[in-house]
Number of protein chains: 2
Amino acid sequence: METRDIEILLTLAEELHFGRTAERLHLSQARVSQVIRKLERRVGAPLFERTSRRVKPTPIGRRLCHDLQQALDLIQTGLARAEAAALDTGRALRLGVMGILGLELRRLVDAFRDRYPGSEVQITEFHFSDPFTPLRTGQADLHLLWLPVREPDLTVGPVVLTEGRVLAVAAGHPLAARDSASLEDLGDHLVVDGGAGAPDYWVESMVPWRTPSGRRIGRGPSARTFHEVLSLVAEGRCVSPLNAHVTRYYSHPGVVFLPIADAPATRWALTWRTAGESAHIRALAQTARDIGAHA
Amino acid sequence: METRDIEILLTLAEELHFGRTAERLHLSQARVSQVIRKLERRVGAPLFERTSRRVKPTPIGRRLCHDLQQALDLIQTGLARAEAAALDTGRALRLGVMGILGLELRRLVDAFRDRYPGSEVQITEFHFSDPFTPLRTGQADLHLLWLPVREPDLTVGPVVLTEGRVLAVAAGHPLAARDSASLEDLGDHLVVDGGAGAPDYWVESMVPWRTPSGRRIGRGPSARTFHEVLSLVAEGRCVSPLNAHVTRYYSHPGVVFLPIADAPATRWALTWRTAGESAHIRALAQTARDIGAHA
DNA sequence: TTTCGTTACGTTAGTCGTAAAGATT
DNA sequence: AATCTTTACGACTAACGTAACGAAA
């Protein structure tokens with residue numbers, strides 16, 4: 001008898017309804033039926049009387065649920081205690097960020113250090129040219145990535161930052177004189193190319209392949225890091241959509257940043273390998289949820 | 001965290017040795033390592049300090065083991081209680097036997113009824129032509145089968161009967177004048193054919209394909225039930241090895257039974273579908289173990 | 001006829017073993 | 001070198017979902 005089975009049994013004893021039980025546990029109704037049947041065969045007696053109208057525990061079932069509820073509570077509190085203790089002794093959590101963005105996470109990191117004085121967070125910088133590899137190779141425990149992230153092995157956690165987008169153009173560029181740009185303008189110029197390390201859907205969400213009206217957006221020279229992008233833009237070899245926070249940290253005489261009026265907001269979320277989830281990771285994610293996203 | 005994982009953790013905490021833990025739980029050493037590592041990542045702290053010479057629980061590990069031990073005990077006692085209650089309310093256990101053999105099980109059935117007055121055992125007869133199907137289709141909960149039984153989905157339980165073998169021949173048959181037969185004699189005559197419902201290894205163990213010296217044993221007409229066999233033998237169309245208990249219940253004027261001096265003993269064991277194992281089945285098997293096998 | 005629970009079957013995720021590598025004495 | 005744990009990889013079991021079926025009101 002596995003704890004998963006116990007959880008299903010107890011939920012059914014509460015809900016008294018196979019469908020609602022399945023829904024609460026994100027299972028199919030059939031699965032709930034199978035598990036209960038398996039338990040009944042294991043025990044050797046029916047645990048519920050059921051018709052299509054009513055589900056009611058038998059005396060044996062009721063008694064078993066009572067015992068198992070206690071056991072499950074014990075497991076959960078024991079685990080919670082161990083996790084709490086672990087947070088006082090753990091090694092540093094490596095939090096990946098792209099470019100200068102680590103500075104924007106001060107509030108989160110301070111709040112986390114405040115809650116878990118025994119834990120440490122280490123900010124590590126990675127490049128947008130290969131966004132998921134640091135997590136997969138274990139170079140980072142979490143990574144701050146812009147959404148959408150649709151990778152089956154990764155969990156997308158809370159959104160911690162939301163910001164607008166700007167277009168970086170050379171100071172002498174025709175657009176530089178305007179005080180805002182639009183996605184449609186991208187059709188008239190080359191944009192920086194991010195290389196092949198990231199999946200198309202992810203690049204597309206930041207640097208689209210087509211303007212809203214359907215014109216193709218041309219790819220210019222490629223860059224791996226933010227500084228390389230800035231250089232290319234300053235040389236006038238291309239333009240590049242960027243996230244608004246760069247305007248707070250960079251001012252380059254040869255580059256002008258124009259708000260892109262019709263670009264969707266960029267949402268930055270904590271992301272981690274599902275298989276690598278740990279108490280530390282959950283703690284940081286929960287801290288992020290609690291302090292909320294801020295522009 | 002599943003109960004299987006808890007069991008592994010607790011065993012390791014007792015043995016303080018990955019290899020012995022694996023052995024006790026019939027697992028590979030690697031698997032133990034994997035599970036512990038998974039738990040450690042889940043908790044977020046090492047649960048054991050280990051070198052190739054020593055395994056020692058950390059304080060967090062020790063504390064967690066203590067909590068989980070209690071939980072596991074609770075699950076097991078709760079389950080045991082439910083099973084005990086089930087034995088008082090259960091439906092009849094259907095015990096399959098071949099031919100007249102049910103009469104030989106009186107002692108077992110009486111002992112079981114004595115121990116579990118709320119339970120019932122119902123003897124059901126099946127044919128040797130298709131020995132495993134009754135279990136697989138659910139027509140029987142247990143089946144008394146001669147060994148060896150090598151079916152991946154079936155569990156072989158205790159041996160409840162052991163007996164010698166006899167050769168059934170027609171009264172007028174040349175062998176009928178002798179007072180014993182040997183396996184070598186089978187090479188001179190046709191034996192009854194059991195049909196294709198049973199696997200070869202199982203048929204072979206009762207009616208071999210070759211004599212000890214290697215001569216081929218010819219197959220005669222086929223029969224599905226014991227009575228059919230007896231008819232064929234009486235008609236002189238074939239001979240047939242049988243189990244010795246038949247001499248206690250059958251005396252047919254046209255048939256003579258000769259002990260087969262060099263045949264191995266037949267061992268009859270309770271067998272059931274592994275997936276269908278229940279408290280009732282375990283109770284009957286345990287009763288059988290306790291009263292022991294008898295000739 | 002609708003509402004549930006059950007059964008049948010195909011897919012997939014995770015368990016487990018094998019074999020080889022890595023670490024410690 | 002010997003002993004024990006960890007890692008890598010492939011096979012297989014069992015968990016799970018989908019869809020069709022069956023029973024009850």
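Chain letters run A, B, ... following the sequence lines, proteins first, then strands; residues in each count from 1.
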d([atom1], [X]; [atom2], [N]) in whole Å:
{"X": "E2(A)", "N": "dA14(D)", "atom1": "CD", "atom2": "P", "answer": "12 Å"}
{"X": "Q29(A)", "N": "dA19(D)", "atom1": "CD", "atom2": "P", "answer": "14 Å"}
{"X": "L27(A)", "N": "dT12(C)", "atom1": "CG", "atom2": "P", "answer": "18 Å"}
{"X": "F18(B)", "N": "dT7(D)", "atom1": "CZ", "atom2": "C1'", "answer": "13 Å"}
{"X": "L39(A)", "N": "dA15(D)", "atom1": "CG", "atom2": "P", "answer": "11 Å"}
{"X": "R53(A)", "N": "dA25(D)", "atom1": "CZ", "atom2": "P", "answer": "8 Å"}
{"X": "M1(A)", "N": "dA15(D)", "atom1": "CE", "atom2": "P", "answer": "12 Å"}
{"X": "D5(B)", "N": "dT15(C)", "atom1": "CG", "atom2": "P", "answer": "7 Å"}

Selection from [options] that lies nearest to any side-chain heavy atom of [X]:
{"X": "A30(A)", "options": "dT18(D), dC16(C), dG5(C)", "value": "dT18(D)"}
{"X": "S33(B)", "options": "dT6(C), dC4(D), dT6(D)", "value": "dT6(D)"}
{"X": "Q34(A)", "options": "dG17(C), dA8(C), dG5(C)", "value": "dA8(C)"}
{"X": "R31(A)", "options": "dT6(C), dA15(D), dA19(C)", "value": "dA15(D)"}
{"X": "K38(B)", "options": "dT15(C), dG17(D), dT3(D)", "value": "dT15(C)"}

Less than 4.0 Å between a side-chain N and a carboxylate O, is that true for [Y] and [X]?
{"X": "E120(B)", "Y": "R113(B)", "value": "yes"}
{"X": "E7(A)", "Y": "R4(A)", "value": "yes"}
{"X": "R282(B)", "Y": "E83(B)", "value": "yes"}

>> Angle between ring planes, W146(A) versus W202(A), binned at 30° and 60°: parallel, tilted or perpendicular?
In response: parallel
Output yes when at least one side-chain N/O atom of [X] is less than 4.0 Å from OP1 or OP2 of [N], else no.
{"X": "T51(B)", "N": "dT24(C)", "result": "no"}
{"X": "R50(A)", "N": "dT6(C)", "result": "yes"}
{"X": "R37(B)", "N": "dT7(D)", "result": "yes"}
{"X": "R54(A)", "N": "dG5(C)", "result": "no"}

>> For a quick check under 3.5 Å, do R31(A) and Q34(A) share a side-chain donor-acceptor pair by atom type?
In response: yes
